[in-house]
Protein chains: 2
Amino acid sequence: MNAYQPRTDDMAFILSNVLQAPARLQALPAFAEVDPDLMRQVLDEAGKFVGEVVAPLNRDGDEVGARWEAGAVTMPPGFRDAYQAFWHAGWPALACPVEDGGQGLPAVLEATLYEMLSAANHGWTMAPGLLHGAYECIKHHGSDALKARYLEKIATGEWLATMCLTEPHAGSDLGLCRSKAVPQSDGSYHLSGTKIFISGGEHDLSDNIVHLVLARLPDAPPGPKGLSLFLVPKFYANGHRSAVVCERIEEKMGLHGSPTCVMRFDEATGWIVGEPGRGLNAMFVMMNAARLHVALQGIGLLDAAWQKADAYSKERRQMRAPSRGKGAGEADLIQDHPAMRRILDTQRAWIDGGRVLAYRTALELDLLKHHPDATRRDAAQRWCSLVTPVMKAAFSQQAFHGASECLQVFGGHGYVREWGIEQIVRDSRVAMIYEGTNEIQAIDLLVRKALADGGAGLLALLHELRADLDPSHAPDALALHQFATLGELTLELAEANARDTSLAFWVADDYLRAMAVALLAWAWSRIEAALAPQTPELATRWQAPAQALRHWVLPEFDMRVAIIKARCMDSRAGIRS
Amino acid sequence: MNAYQPRTDDMAFILSNVLQAPARLQALPAFAEVDPDLMRQVLDEAGKFVGEVVAPLNRDGDEVGARWEAGAVTMPPGFRDAYQAFWHAGWPALACPVEDGGQGLPAVLEATLYEMLSAANHGWTMAPGLLHGAYECIKHHGSDALKARYLEKIATGEWLATMCLTEPHAGSDLGLCRSKAVPQSDGSYHLSGTKIFISGGEHDLSDNIVHLVLARLPDAPPGPKGLSLFLVPKFYANGHRSAVVCERIEEKMGLHGSPTCVMRFDEATGWIVGEPGRGLNAMFVMMNAARLHVALQGIGLLDAAWQKADAYSKERRQMRAPSRGKGAGEADLIQDHPAMRRILDTQRAWIDGGRVLAYRTALELDLLKHHPDATRRDAAQRWCSLVTPVMKAAFSQQAFHGASECLQVFGGHGYVREWGIEQIVRDSRVAMIYEGTNEIQAIDLLVRKALADGGAGLLALLHELRADLDPSHAPDALALHQFATLGELTLELAEANARDTSLAFWVADDYLRAMAVALLAWAWSRIEAALAPQTPELATRWQAPAQALRHWVLPEFDMRVAIIKARCMDSRAGIRS
């Protein structure tokens, strides 16, 4: 089994040459000192830490797993030490402001860090993965007293955090939550109820755990507007333990290195975060960042899977490849067989294109927060709002399906534990579900966003994406063609939606897929534009995936459009799905 | 967790009303007594046995699994008793001739039995799944002495069998096998070597195990033509144990109920089966039946996954469905949400269409063996040869991907063990690899078969498929259109292949998918034709999957054709992939 190695050269090329990230960031007052050297240095240090400390623990994370006993959770071998090293080195605080104990670096660097971490060890990474969201939540909605006690601990990662949302009868539909919060005379609340699927609800990685809990005040209205957000720590300032119990952890398909806890709150003392009845708002602050994080997990896991399959395909020989003629004797390397070559290059097309899109989205999060010009911030908001659900769904799906394709490169050896590829298939599957299922991402994109303003925002985004493209370059022309089609399709759906509001729910998945493919076409047009002035040696690295994209990935676009248009036509004829 | 229940009504409808199986079989002298009542009776008895005896053991098969200790393998709780009941009841011998201890029933009934068994308990079913192949192999190639000792034991299933093909360096490429067979003065051979991935190489289900082993005679030429086939039992007639040791079993992604063994042969005494150097031929006798068997596993597993998701979607409520309006209060059932409805109905389109195709293929196997007319037998041979690889690849893929879609219906509850859906995802994945990887099926279909005679056989098959279709019926017209396109495409590829023999290897997967979709369109046209004279109540059962097929499945055909045509165009322009 070969462990994942971060590909910092590829990441740096995309950040600097494709996205001009250093120049864009340096133009912002907050990041005046973020030059290419600093970015490269952070990438390399992150790569070193991830490759040396976190990646080697991945197999034990799966095979030993997190263990529950009498309410306590013991993490797999090495997990606590690695986490203690992680926070002491300042990694959780990378993108937090200096005044809160952070390093004040841009979100796009945090994005590359989490891509590497997820690739190396998805289970371990679940624990710090929630920190930044909890930080933002307390920062923007917490009282001064809560901030004084918790903000820096969370920013630095000294204490880990959870999001306690789901309940046995309330998964995608948080409005069905029943947990209760009863106000006390001292301004605190007593929280009671059972929360399920709580990642890192209990563990031994950090000395305290801070739970953010959705619950209802007495007499709160039913549904989502009756939900408020509360903070309940595992240990209070006086050292006493709160009345929060981890009742068990789930047996899962994968991700055994991350304990998925059932948490019972028995009149546990906590404090409100933000306004009563605005609990979902407080959580949704971090929605785009959290969903982008899942996309980065997908890209990382796919890279980890590709690395394994690529290495295996260069070692193992089976049969003669057609390009090698029909001579007797030795077999050819697996990588020379077209069916395998195609799998490998296609995954790389998704990985490279995914990085362009994910890092660009992270940059937009930086611009959204720090750009002095409101118009530019609006554009950043639009980008994040429309592109993030596409990224979350498309790359969590590709991680699972692409890892399964990579498993196929190993033949029977992929189905056994030996090479670690089947672990990636199992681990990655959860990402299609959490942070809003992929079907909910599609509805978010089409129904709640693209159609909510009759397509105006989507067309503005496409207009912006078109700006840099040159129709006389073949890769640009492909992207331009798909953008034009996507724009027309959006208007056609807006028109159909006025007649039949169900239709969009039926075709939302196809719409998201069409947009994902068009965005990939755009991302690769930007890679190919960045390569033009480069050396031919560099270009050969990107040639095969660029070709795989055109041959095997982009054709899905027309299929999705055809599916949607057929449904629109039925709708016009009065036929409901 | 709800256990799988065989859907014998659906199976009977397809056998009798769609495929007219009883009439076709009764026309054959061998099956003159196989009337609709007998077929239904066998289906019902099989369904009862599978549902009551085999299905309840599936969870333990996964969680306890087969256990290795000091060379012995203990099967999961209940597995041995269920197997003993299975062979005592005569199920393994269903399709074996009466003179060999069997029941002399048609292969199509065995097909329905194995679909049910695989759906109920894929791991358990691996053990008897190899019996029929071993029976055919010994029947057609074994010496009279071997037949006298082994044929009836294998036919009845009193003894189980293995196929020992793969070696550490020889997976898809059996020509690389190194195991040796040294002739002895008494006509026996001493077998030495290590075989891997041997399903059921060791277990406690039956009192003896019969291994069929590929090995090389001294001075045999390298490559596949140097391979001969040998029989080595676990126990000889004198009660002595052979020098065959199970060194360990694999840790796998799933299928824990089936021990995947590393088998070491240390000068183990065995006997040759068939001619020296014709070992692969002896094994390939059973290739079509074995690959159809994998397709049936896929259909069964997909049905099991669909049953779980369907039941869950009728119990669990989340959010308001668009068709139900925007009233406050209670949430709607998951089955009313378009994204979930679409997943459920699409899987059913694959299951029902798959049954039509798989049972029809099994019928062709019956005709191939028993039809008095050589021309009809040739047509059956053509059907099996061309349709079987499509079925193996398409339905093993759909089992995995469709089970994953069904998992999505459960949200987070699908990723945990609770409902058993994630087990199906893990178990089913192996079927894309064994009996020839799906990529090898595609090469078999396009390179070795469709293009080998310039497309003639494929066009003859399409001609035959078109015979019953009426272009004025919409479902028939869709299938006719796809058949016409597939025929043209085949000729275009034959022409391109004359210039560039690599091209077919690049597009083989797309060609197989296009054919799978076209065959599904045909299968559903036959279902819809059979429904026409039926009661409307019956028709509603099939309406939603028929619609899902048209909306979400058939559009893939045009995409695959576009992908292939683009590669052909490049090839004409002298651009190689």
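Naming: A, B, ... by sequence-line order, numbering from 1 per chain. Just so you know, these numbers come straight off a predicted model, no measurement behind them.
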Side chain, backbone, both or neither: which part of B:Thr166 has a non-hydrogen atom closer than 4.5 Å to chain A?
-> neither
Measure the shortest side-chain to side-chain distance between B:Asp558 and A:Asp558 over non-hydrogen atoms and say whether it is less than 4.5 angstrom.
-> no
Honestly, the part of B:Phe557 sitting under 4.5 Å from a heavy atom of chain A is neither
Highest number of heavy-atom pairs under 4.5 Å with chain A among B:Ala508, B:Ala566, B:Ser172 belongs to B:Ser172
With chain B, the option among A:Ser404, A:Gly175, A:Gly411, A:Ala562 that has the most non-hydrogen atom pairs under 4.5 Å is A:Ser404
Part of B:Ile440 within contact of chain A (heavy atom distance under 4.5 Å) | side chain
Over all heavy atoms of both residues, which pair between A:Ala339 and B:Asp509 is shortest? Give the atoms and the distance, please.
-> CB-OD2, 4.3 Å
Is there a donor-acceptor pair closer than 3.5 Å between any side-chain N or O of A:Asp173 and the backbone N or O of B:Gln318?
-> no
Validation row: A:Glu556, B:Glu556 side chains within 4.5 angstrom (heavy atoms) = no
Minimum heavy-atom separation for B:Leu176 to A:Ala331, with atom names?
-> CD1-CB, 4.3 Å
Compare all side-chain heavy atoms of A:Tyr415 with those of B:Leu255 and state whether any distance is below 4.5 angstrom.
-> yes
Please state whether the side chain, the backbone, both or neither of B:Pro222 comes within less than 4.5 Å of a heavy atom of chain A.
-> neither
At a heavy-atom separation under 4.5 Å, does B:Ala170 approach chain A through its side chain, its backbone, both, or neither?
-> backbone
Got A:Val425 and B:Arg426 here, is their nearest side-chain heavy-atom distance under 4.5 Å?
-> no
In short, B:His169 meets A:Arg316 closest at the heavy-atom pair CA-NH1, 3.9 Å
Could you tell me which portion of B:Ile443 (side chain, backbone, both or neither) has an atom closer than 4.5 angstrom to a non-hydrogen atom of chain A?
-> neither
So which part of B:Arg550 gets closer than 4.5 Å to some heavy atom of chain A, the side chain, the backbone, both or neither?
-> neither
Segment of B:His413 engaging chain A (4.5 angstrom heavy-atom cut-off) = both
Note, B:Trp552 side chain near A:Arg567 side chain (heavy atom, < 4.5 Å) = yes
pair B:Asp510-A:His551: side-chain heavy atoms closer than 4.5 Å | no
Between A:Ala504, A:Gly223, A:Gly412, the one whose heavy-atom pairs under 4.5 Å with chain B are most numerous | A:Gly412
Is a side-chain donor or acceptor of A:Glu439 paired with a backbone partner of B:Met340 at a separation under 3.5 angstrom?
-> no
Check each atom of B:Ile343 against the heavy atoms of chain A and say whether the ones under 4.5 Å are side chain, backbone, both or neither.
-> side chain
Go through the atoms of B:Pro221 and report whether side chain, backbone, both or neither lie under 4.5 Å from a heavy atom of chain A.
-> neither
